[in-house]
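Heads up: the structure comes next, in structure tokens.
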Amino acid sequence: MFEILLNLALVFLSVSTIAYIYRVIKGPSIPDKVIALDAIGVNLVGITAIISIILRSNSFLEVILLIAIVAFVGTVAFSKFLEKGVVIEHDRDA
């Protein structure tokens, strides 16, 4: 029964990831696309965690952490780009 629920959750996460990919491509605005990219990162973490549970392996935990960190940094970079127009500022006010 538990394996059926895990497989069902995996299918739902996969379908929602496909829907988010559509939102990234056809999103009405840039902030919507950024939120969809962040949600894709969250879904990838969930998919990787469920696969780790199904395979009864702890080796995916580092991958989960890496995906979460990259998704967070990407969201922060996109947000800064939307706010200021650049990601890395080269001028310093000393």
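Numbers here are sequence positions counted from 1.
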Determine whether a donor-acceptor pair (N or O, by modelled atom type, separation under 3.5 Å) exists between the side chain of Ser52 and the backbone of Ser57. yes

Which residue in the set Val63, Leu13, Val70, Ile67 passes side-chain contact (heavy atoms from CB on, under 4.5 Å) when paired with Leu44? Ile67

For Ala71 and Gly41, which heavy atoms make the closest approach, and how far apart are they? CB-CA, 4.1 Å

Determine the minimum heavy-atom distance between Val24 and Ala36, stating which atoms define it. CG2-CB, 3.6 Å

Flag side-chain contact, heavy atom, 4.5 Å: Asp38 against Phe78: no

For the residue pair Lys33 and Gly27, what are the closest heavy atoms and their distance? CE-O, 3.6 Å

Tell me whether Leu10 shares a hydrophobic cluster with Phe2, the cluster being built from Ile, Leu, Val, Met, Phe, Trp, Tyr side chains joined at under 4.5 Å. yes

Quick one: OG1 on Thr48 to CD1 on Ile53, what's the gap to the nearest 0.5 Å? 11.0 Å

Just verifying a value: how many Å separate Ser79 OG and Ile35 CD1, rounded to the nearest 0.5 Å? 8.5 Å

Working to the nearest 0.5 angstrom, can you tell me the gap between Phe12 CZ and Leu5 CG? 10.0 Å

Looking only at heavy atoms, which two atoms of Ala68 and Val45 are closest? And how far apart? N-CG2, 4.0 Å

Please report the interatomic distance CG(Leu82) to NZ(Lys80), rounded to the nearest 0.5 Å. 12.5 Å

Do Thr75 and Leu37 touch side chain to side chain, with heavy atoms closer than 4.5 Å? no

Could you report the tightest heavy-atom contact between Ala9 and Ile50, atom names first, then the distance? CB-CD1, 3.7 Å

Shared hydrophobic cluster for Val34 and Ile21 (ILVMFWY, side-chain gaps under 4.5 Å): yes

Can you tell me how far OG of Ser16 sits from CD1 of Ile47, rounded to the nearest 0.5 angstrom? 7.0 Å

Interatomic distance, OH@Tyr20 vs CG@Asp32, rounded to 0.5 Å, equals 11.5 Å

Do Leu6 and Ile51 sit in the same hydrophobic cluster, where Ile, Leu, Val, Met, Phe, Trp and Tyr count as joined when their side-chain heavy atoms come under 4.5 Å apart? yes

